[in-house]
Visitor: 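Dropping a structure here in structure tokens format, bear with me for questions.
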Amino acid sequence: MEHIRTPKLENVRMFDKLTPRKSMVGTLYLSSTHTIFVENSEARKETWILHSLMSNVERLPTNPSGSPLIIRCKNFHVYRLLIPLEKDCVDVLASLARLSHPERYGELFCFSFNPNLDKELREKAWAFIDLKAEFIRMGIPRNLWHATAANHEHRLCDTYPSELYVPKSVSPAVIVGSAKFRSRGRLPVLSYYHRDSSASICRSSQPLSGFSARSSDDEQMLQAIMKSNPVSEFMYVVDTRPKLNAMANRAAGKGYENEDHYTHIKLQFIGIENIHVMRNSQQKLIDVGDLVAPTMSDFLWGLENSGWLKHIKAVLDAGVFIAKAVAEDGVSVLVHCSDGWDRTAQACSVASVLLDSYYRTIKGLMVLIEKDWVSFGHKFSHRYAHLDGDPKEVSPVMDQFLECVWQLMQQFPCAFEFNERFLIQLHTHIFSCQYGNFIGNCQKERRDLKLQERTHSLWPHLWENRAEYTNPLYRTDHSQTQGVLKPLTTAYCFKFWKGMYGCAEKSVTSQSPADCLNAVREESQQLEEELSTHQEVPRETDAGQENCRAEGENFRGEEGDQEVV
Amino acid sequence: MELSEHIKTANVEDVTLRRPFHPALRGTLCVTSHHLLFSDRKDEDSWQLLILLRNIDATEKSVENLFGYPRAVGSSGTITIKCKDLLVLQLEIPGMEECLNIASSIEALSALESVTEMYPFFHRPSHLTLHGPWGLSSTEKYYKQTERLWDRWRVSTVNSDYSVCPSYPHAVIVPREVDDEKLVQSARFRQGGRFPVLSYCHHRNGMVIMRSSQPLTGANRKRCKEDELLLQAVIDGSVLGYIIDLRSTQQAQQARMTGGGFESKSCYSHWKRIHRHHERGKVLQESLIKLVEACSDPSHSVDRWLSKLENSKWLSHVHSALSTAGLVVECVERDGHSVLVHGSEGTDSTLVVSSLAQLILHPASRTLTGFLGLLERDWIQAGHPFQQRCAHSAYSHARLKQECPSFLLLLDCVWQVWRQFPLALEFSEALLLRLAQEVYASNYGTFLCNNEQERCAAGVKENTHCLFQSLLSPDIEEQYLNPLYEPTDLAIWPSVHPQSLQLWTGLFLRWTEYAQNMEEAREEVWSIVKKHRERAGPDRTNNTPSTHCDTLTPFENLMDELTIL
């Protein structure tokens, strides 16, 4: 509270997002976590803006009607306020500048957020996603792969989870040797096992090969990974960086695998640009969304110039390459970039979504994010600027993953259990710091922060509200739901994600076909229930009613699937 | 010359057919006066492809062994057929002479000039009879239905012999107080005799949308008292009307040099003129050609695709058409003024804008019957020169004459509205796609000729069937209905922000894999809604036809209706 100079301001004007000419007068309140605007109108409409979601607060020069203040948020919402007195505006700006840039973890919203759960429920909530169970679900053959305790207490690699899955045939010495030969100790470990082809996706950081260094342990490790897939005679090493970047890394004693040293590997570069290029690209995209009254050409030119869709395509291309190798060719893949926590996470998780229909369900996507991103040390707090820190560490890595999923949803409208709203909700929570899931940069840090005791988990909260996030077109037995997705990656398939970036245009469409369909479905179900209770009373069933009921049971069976936890 | 004389080779065996995303097929190719028939005879289940020759926009042939060895063994040729509905096919024909014969037949028969030789005059499906009412709507019907008109407006048959305006229908709606003599004078003062006539009367406030061609003021600023009186009678005592001139101010000024012009403030003191620039004619046609070219090359990078999309300017034209329609709606609905829309000839962008405005304003024009009726009145009877405009589509190498995709632009705009208000229109995207195809090549007489006068002379009503009537027949109507339709009485204002407008993938990417998944999604929507209707009982299923009908692809559709050949 010490940062709030003026907790309440009267006669503040908030401008309408859609029609900037319209505005509402109201009162502005500053709390320690939120800025709240309450309209003076009858409805007393409230707008709550979370401080941790604010990315930038800007004061424009004072004009005769007051001092304008623009609040830009990390989920691309923009709020425009007019504060009557310049002095007040300066105060608000100073408060918000500090409140939106917490300096210590302890200041984050998740540590004060209290949804009134008792201790037991909180623990249960944190156990909602169980990664051990996920590796069992994948059907890992116990004779070929096993969990190693080599990283117990994060001895081997401080950014990896404590439990790692490696080929059963490698000795502890090889594991340690391989970790030593990899940047930050991020050795090759299993990310996804594809039961149908027995090929796997493994992930690591770049090898410390420089121009000539080699490690027999690391070579043995790759050999073992290849051999864990009994049917194939080689494996791919997918370096998700542009080849030039990978080569440049050799000068720093890093680089990529030398095909002469590693037998039976095929090296493939994909060319996803680094976090700095992506950050700039997204900024340009946001600027396009911000344009005032652009022409069609301004918009398309801006979209092209941002390069954003080109980068999205690169990430999806990486996923498609890996999925094809694993599912069609039955070849295992090792994926890495430099550190193996940004592009590698993107490529592995996109490939997993393509390969496994489970990851296209609500629960499955949660599991995937927990596995490929949270547990494997994607640096959430750095990338999404949870704390005031180095702006060069910030980059929209997760944004791109979620967008790839969205682009896939555009191509396969029936293949995903969740809808666009779910992705946008996830995106918001990655930044919001309301729940503990995405705080910190790796498992070790989260453990040290005692997040499970001090904060709450997002997943059960989303799960409880899953009705809101369900795609009405999803059906478990639909052809699009089954098997491996093979998306087109032709340029014309990539669209501007209006729901995410076009906030200025939101809510223009009052009618959503998805909502309508959901309503139809719900009503159907209710009618069905009414019908069946109706039928249970009188025992006389004629043929027509039999039919009706039989069909109805099918229908309910289908719905019932979604309720299984 | 008899049509059959164009056919030198009627049948070829062992032809290979290649279509996008289908395996190549071998079969027999057959050329008739109006069709190209390919049938693949595999014992029992034969598959046939039937293409109206009129649908073929361009053919490209490549013949091996063109010089040297006549009738050499193994000589063959390939004909690439590019259809007006954007499908591209390849036929490999054994025998170079046969190949050349077929190609020349296609070229001659696809470009018939005489209307009465065209296929609609020969199309005789068994379930339809020729004698009966033709069409859905007319000036008189509209007048009868619109009670608001009865007081101040009348139906004039001044044009019953088409001498006042050759491109107008025999009956038009004009202010009651303006007699036919004044209309004749006004017609002399308007290009092509297209004097201001009523297109729409707003059911809420009685304000009207008029349309006409430009006034012939010329360099000497000529006036026409009767024309001024006519427009004065339109606003009848109210203070103001708007003239939406679909040219830039500069273009309108320049038009005076060639005898055209605009309504000056001094002569039409109660009318306020607003200029909005719209492209027409050749520019629009070239825009379509560029867009189709961009869509047909899947190898483009994202950057190149976006730049080609921008460069085609197609979406910019969609943007301006929707914006100006929005402007008209604003004048009529929000400000309560009458509007006169015109460009130069009043046969293209004028019709796009006035019919879009009606779709936005008038709930009745958003039903299937209402929309088709609107097209009939505002396009076919209003004298859009379909034959000239749709002689060729995007692939033709022929020198452009009067081709212009105004109608396609309208359909695209309607699609944008449909996408933004998925529940507000009773018809489906399939209807728009069907219309986009029929307008270029059809079994029906609806889109033949350039105006009512020509249609009368050719005996279209007596000798062909009406497309719109056939679209409403109960067994095929369902595929053209929107399962989610929920009528709304409000005006549906589309967003014209560039990020709200999209490429019409259903049309422009129709023959790609992309369209396949969308089709599946549409089926899924139908199946959910049907399930619901079955449960909800008969009282809620009033607009569902009882017979089930799978969505047919256009070709199968043609097959279905082909009974004589």
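When reading the values below, keep in mind they use all heavy atoms of this one structure, side chains included, and skip hydrogens, waters and symmetry mates. Labels below follow one simple rule: chain letters A, B, ... track the order of the sequence lines, proteins then strands, and each chain is numbered from 1.
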Visitor: For the residue pair Trp301(A) and Glu310(B), what are the closest heavy atoms and their distance?
Guide: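 What the structure gives for the nearest pair is N-CG, 4.3 Å.
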
Visitor: Could you pull out all residues at least two apart from His317(B) that satisfy side-chain hydrogen bond (donor to acceptor under 3.5 Å, both in side chains)?
Guide: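 For His317(B) there are no side-chain hydrogen bond (donor to acceptor under 3.5 Å, both in side chains) partners, ignoring immediate neighbours.
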
Visitor: Side chain, backbone, both or neither: which part of Ser301(B) has an atom under 4.5 Å from a heavy atom of chain A?
Guide: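 The backbone, not the side chain.
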
Visitor: How long is the gap from CG on Leu315(B) to CE on Met296(A), to the nearest 0.5 Å?
Guide: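 Between Leu315(B) CG and Met296(A) CE, I get 4.5 Å after rounding to 0.5 Å.
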
Visitor: Check whether Ile312(A) gets within reach of chain B through its side chain, its backbone, both or neither, counting any heavy atom under 4.5 Å.
Guide: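 Neither part, no heavy atoms under 4.5 Å.
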
Visitor: With a 4.5 Å cut-off on side-chain heavy atoms, are Lys313(B) and Ser297(A) touching?
Guide: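 Yes, their side chains come closer than 4.5 Å.
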
Visitor: Counting only heavy atoms not in Arg72(A), do more than 12 fall under 6.0 Å of its CZ?
Guide: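 More than 12 within 6.0 Å, yes.
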
Visitor: To the nearest 0.5 angstrom, please state how far the CD atom of Gln410(A) sits from the CD atom of Gln502(B).
Guide: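 Output value for this atom pair is 7.5 Å.
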
Visitor: For the atom pair CZ (Phe299(A)) and OG (Ser316(B)), what is the distance rounded to the nearest 0.5 Å?
Guide: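 Rounded to the nearest 0.5 Å, the CZ-OG separation comes out at 11.5 Å.
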
Visitor: Spell out the residues in residues 318-330 of chain B that have some non-hydrogen atom less than 4.5 Å away from a non-hydrogen atom of chain A, in order of number; otherwise answer 'none'.
Guide: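 Listed by number, the contacting residues are His319(B).
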
Visitor: Can you list the residues of residues 488-496 of chain A that sit under 4.5 Å from chain B, counting heavy atoms only?
Guide: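 Result: Leu488(A), Thr490(A), Ala491(A), Tyr492(A), Cys493(A), Lys495(A), Phe496(A).
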
Visitor: Just wondering, do Leu473(A) and Ile528(B) contact through their side chains at under 4.5 Å, heavy atoms?
Guide: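 A side-chain contact exists here, since the closest heavy-atom pair is under 4.5 Å.
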
Visitor: From Leu309(B) CG over to Leu300(A) CG, what is the distance, rounded to the nearest 0.5 angstrom?
Guide: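 With rounding to 0.5 Å, CG (Leu309(B)) is 5.0 Å from CG (Leu300(A)).
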
Visitor: Which atoms form the tightest heavy-atom contact between Lys313(A) and Val302(B), and what is the distance?
Guide: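 Closest approach of Lys313(A) to Val302(B), heavy atoms only: CD-CG2, 3.5 Å.
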
Visitor: Among Pro294(A), Pro487(A), Ala415(A), Gly307(A), single out the residue with the greatest number of heavy-atom pairs under 4.5 Å to chain B.
Guide: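 Top count of heavy-atom pairs under 4.5 Å with chain B: Pro294(A).
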
Visitor: Can you list the residues that meet the side-chain hydrogen bond (donor to acceptor under 3.5 Å, both in side chains) rule with Trp497(A), with sequence neighbours excluded?
Guide: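 Applying side-chain hydrogen bond (donor to acceptor under 3.5 Å, both in side chains) to Trp497(A) gives Glu420(A).
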
Visitor: Could you tell me which portion of Leu503(B) (side chain, backbone, both or neither) has an atom closer than 4.5 angstrom to a non-hydrogen atom of chain A?
Guide: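 Leu503(B) has no heavy atom closer than 4.5 Å to chain A.
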
